[in-house]
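Just below is one structure, and these are the notes that go with it.
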2 protein chains.
Amino acid sequence: MSMTVENQLADRTRWRPELCSIAKTLDLLSTKTTFLVLRECFYGTSRFEDFIDRVPTSAPALSRALKQLASAHIVTRVPYRDPGTRARDEYRLTAAGEDLLPVVMSLSLWGNKYLHNGSPPLSFVDARTGQPVRVCVTKDSDLSEARSSDIEIRANFTLD
Amino acid sequence: MSMTVENQLADRTRWRPELCSIAKTLDLLSTKTTFLVLRECFYGTSRFEDFIDRVPTSAPALSRALKQLASAHIVTRVPYRDPGTRARDEYRLTAAGEDLLPVVMSLSLWGNKYLHNGSPPLSFVDARTGQPVRVCVTKDSDLSEARSSDIEIRANFTLD
DNA sequence: CCGTATCCTGATAGATACTG
DNA sequence: CAGTATCTATCAGGATACGG
């Protein structure tokens, strides 16, 4: 990977950090908790109590992370009502949020490869065929892009 | 995206967070500065003084970020000597570090799309053909994966 | 019981000063 | 100039308490 206008580019991204998409995106996903809440969204979690059960954090931190993700329009609040209870909101990925799938998946796949000696705790497979799903960098334009609804997560560890 | 063993899986990742590859990878890339230093590595930066010029951070924070990346074996120190100066080290991506390209690129591409109204400050293209390079999630196994050395970064903004 | 505001504590960044 | 130690300020996280 090399630069077209090497020195100038380097200086510009230094002095005008608002031009760096990576920095701006990280500002929205500022904390580790926010990333893990986002992960949970892809795992299908949508309700406050379920996030609390599944993400190792406190209620105030969860509240802050959800507010952050909502103000960035990565999740949106959707009203629901369980029988016999008052109306509540659940948190659903927006289209923009769904587009963060490569970020979440590539973090997971890298960790699987380098931090678990190739025996991944979770794996991502095509929901119909069971084929493994990968994240790749390519210039090919004629490949079939998987949406998160096509993907199934398999647990590769045994339960006690 | 749905769960095979939904409830059990959720509980396990909650109570045994060491099974979550995302959390473990984020621990290595803990801070925003670490991400931006990693970004600079992909842009070709390798020397302390150049990181200082190009990443908006302080020398102590840079030192900490490089140490963190080195201990995670994402970068490695390589000796060099400029004429008339003492020997120094530069910081180069390892193979594991190169494999973080999809993480960095997908963060950048998402920001380009959603935070810059589709007019990206930087774009990633094939170094030979100039075709845009993308990050995608797919089950196709027969596509040509781009390595970071095949990719060129183009600046789409004018210089003062 | 769901969710948030408040307060307090611990981790992390940057300013400064220093060594090789 | 490369890199680190120290110190302080800032910021994210959790315990608690509180409103719907």
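The structure displayed is predicted, hence computed values, not measured ones. What you see below is based on every heavy atom in this structure, not just the backbone, and it leaves out hydrogens, waters and symmetry mates. Naming convention: chains lettered A, B, ... in sequence-line order (proteins, then strands); numbering from 1 in each chain.
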Review point. Which comes earlier along DNA chain C counting from the 5' end, the contact point of A/Glu49 or that of B/Thr31, where each point is its nearest nucleotide?
Key: A/Glu49

Exercise for review: Counting heavy atoms from C-beta on, name the nucleotide in D/dT16, C/dG14, D/dG13 closest to the side chain of B/Arg64.
Suggested key: C/dG14

Practice item. Could you check whether A/Asp89 gets within reach of a base, just the sugar-phosphate, or nothing at all, counting any heavy atom under 4.0 Å? Key: sugar-phosphate

Practice item. Answer with base, sugar-phosphate or nothing: what part of the nucleic acid does A/Lys32 contact at a heavy-atom distance below 4.0 Å? Key: nothing

Study note, to complete from the structure: Whole-Å distance, B/Asp50 CG to D/dG3 C1', equals 15 Å

Practice item. Could you state the atom-to-atom distance from CZ of B/Phe51 to P of D/dC1 in whole Å? Key: 18 Å

Check your understanding: Base, sugar-phosphate alone, or nothing: which one does B/Ala61 contact when heavy atoms must sit under 4.0 Å apart?
Key -> sugar-phosphate

Practice item. Could you check A/Arg77, A/Arg81, A/Arg47 and say which one makes a salt bridge (Lys or Arg N to Asp or Glu O under 4.0 Å) with A/Asp89? Key: A/Arg77

Practice item. Report the distance from atom CG of A/Leu62 to atom P of C/dC1, rounded to the nearest whole Å. Key: 17 Å

Check your understanding: Quick one: is D/dC1 close enough that its OP1 or OP2 comes under 4.0 Å of any side-chain N or O from B/Thr85?
Key -> no

Point to revise | Distance under 6.0 Å and angle within 45° of ring axis: B/Arg134 vs B/Phe124 | key: no

Review point. If we ignore angles and hydrogens, is there a donor and acceptor under 3.5 Å between the side chains of B/Thr85 and B/Asp82?
Key: no

Check your understanding: Cut-off 3.5 Å, side chains only: do A/Asn112 and A/Ser123 have a donor facing an acceptor?
Key -> no

Check your understanding: Can you tell me if the side-chain N/O atoms of A/Ser63 get under 4.0 Å from OP1 or OP2 in C/dA5?
Key -> no

Practice item. Quickly work out the A/Glu90 CD to C/dC2 P distance and round it to whole Å. Key: 14 Å

**Study point:** A/Phe48 side chain, from C-beta outward: closest of D/dG3, C/dG3, D/dG14
**Key:** C/dG3

Exercise for review: Round to the nearest Å and state the distance from B/Leu66 atom CG to D/dC1 atom P.
Suggested key: 18 Å

Check your understanding: What is the nucleic acid contact for A/Arg47, judged by heavy atoms within less than 4.0 Å: base, sugar-phosphate only, or nothing?
Key -> nothing

Review point. Is there a donor in the side chain of A/Arg54 and an acceptor in the side chain of A/Thr45, or the other way round, less than 3.5 Å apart?
Key: yes

Practice item. Check the distance between D/dC11's C1' and A/Gln68's CD and give it to me in whole angstrom. Key: 13 Å

Check your understanding: When all nucleic acid strands are considered with a 4.0 Å heavy-atom cut-off, which category describes A/Ser30: base, sugar-phosphate, or nothing?
Key -> nothing

Review point. Which of these nucleotides, C/dG3, D/dA2, D/dA12, is closest to any side-chain atom of A/Arg88?
Key: C/dG3

Review point. If we ignore angles and hydrogens, is there a donor and acceptor under 3.5 Å between the side chains of B/Thr138 and A/Glu145?
Key: no

Practice item. Could you tell me whether the phosphate oxygens of D/dG13, OP1 or OP2, come under 4.0 Å of any side-chain nitrogen or oxygen in A/Thr33? Key: yes

Practice item. Round to a whole Å and report the spacing from CZ of B/Phe35 to P of C/dT12. Key: 15 Å

**Study point:** Atom-pair distance (CG on B/Leu36; C1' on C/dT12), nearest Å
**Key:** 15 Å

Point to revise | Short side-chain N/O contact to D/dG14 OP1/OP2 from A/Ser58, under 4.0 Å | key: yes

Check your understanding: Quick one: is D/dG3 close enough that its OP1 or OP2 comes under 4.0 Å of any side-chain N or O from B/Tyr91?
Key -> yes

Review point. Picking from C/dG20, D/dG3, C/dT4, which would you name as closest to the side chain of B/Arg86?
Key: C/dG20

